[in-house]
Amino acid sequence: MVLTFSTGKIIANHHEVVIKMVGDSKITLQAQTDDITLFGSANVIVASGSGINWSVHLDNQQQIIELSEVIGVALR
């Protein structure tokens, strides 16, 4: 699945999430789904574990719901 949001694109499947940010910096964030937590009320993806620690705020709740369905991680 590829999901576009205001600051980049999310490429996700049952095994991993990759976020490519737009702009000159060309930042790419990657995490396995086991390290992902989804906060539905805040529309935030948090990756934490195995040396990973980042978070990204999405534009709306529909985007986090779609991501949850694709990667199989329940919303908190």
Side-chain angles (χ1 to χ4, degrees):
M1 160 206 167
V2 177
L3 175 70
T4 301
F5 66 111
S6 62
T7 55
K9 289 185 179 189
I10 300 171
I11 301 145
N13 60 42
H14 289 286
H15 304 289
E16 71 178 348
V17 173
V18 177
I19 300 175
K20 295 186 177 231
M21 307 299 266
V22 295
D24 293 337
S25 61
K26 307 279 191 221
I27 295 170
T28 300
L29 305 171
Q30 182 177 2
Q32 293 185 2
T33 54
D34 292 343
D35 297 326
I36 297 285
T37 304
L38 302 175
F39 293 98
S41 59
N43 305 327
V44 173
I45 305 167
V46 175
S48 181
S50 302
I52 297 169
N53 191 16
W54 53 261
S55 65
V56 174
H57 183 267
L58 298 181
D59 300 329
N60 57 59
Q61 192 171 37
Q62 183 60 35
Q63 292 170 334
I64 199 106
I65 290 169
E66 287 179 39
L67 181 60
S68 172
E69 291 171 354
V70 168
I71 67 174
V73 174
L75 297 175
R76 288 192 173 184

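The structure presented is a predicted model; accordingly, all values stated were derived computationally and were not measured.
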Item to complete: Work out which heavy atom in S68 is nearest to a heavy atom in A74; give both atom names and the distance.
Response: OG-CA, 4.1 Å

Worksheet item: Linking Ile, Leu, Val, Met, Phe, Trp and Tyr through side-chain heavy atoms less than 4.5 Å apart, which residues share a cluster with V70?
Response: M1, L3, F5, I10, V17, I19, M21, I27, L29, I36, L38, I45, I52, W54, V56, L58, I64, I65, L67, I71, V73, L75

Worksheet entry | Value rounded to 0.5 Å, distance of CD in Q63 from OG in S6 | 7.5 Å

Worksheet item: Nearest 0.5 Å, what's the OG-CD distance between S41 and Q61?
Response: 8.0 Å

Worksheet item: side chain to side chain contact (heavy atoms under 4.5 Å, CB included) with T28: which residues, sequence neighbours excluded?
Response: V18, K20

Worksheet, complete the sentence: With sequence neighbours left out, the residues meeting side-chain hydrogen bond (donor to acceptor under 3.5 Å, both in side chains) with Q30 are E16

Worksheet item: More than 12 non-hydrogen atoms from neighbouring residues, nucleotides or ligands closer than 6.0 Å to CD on Q32, yes or no?
Response: no

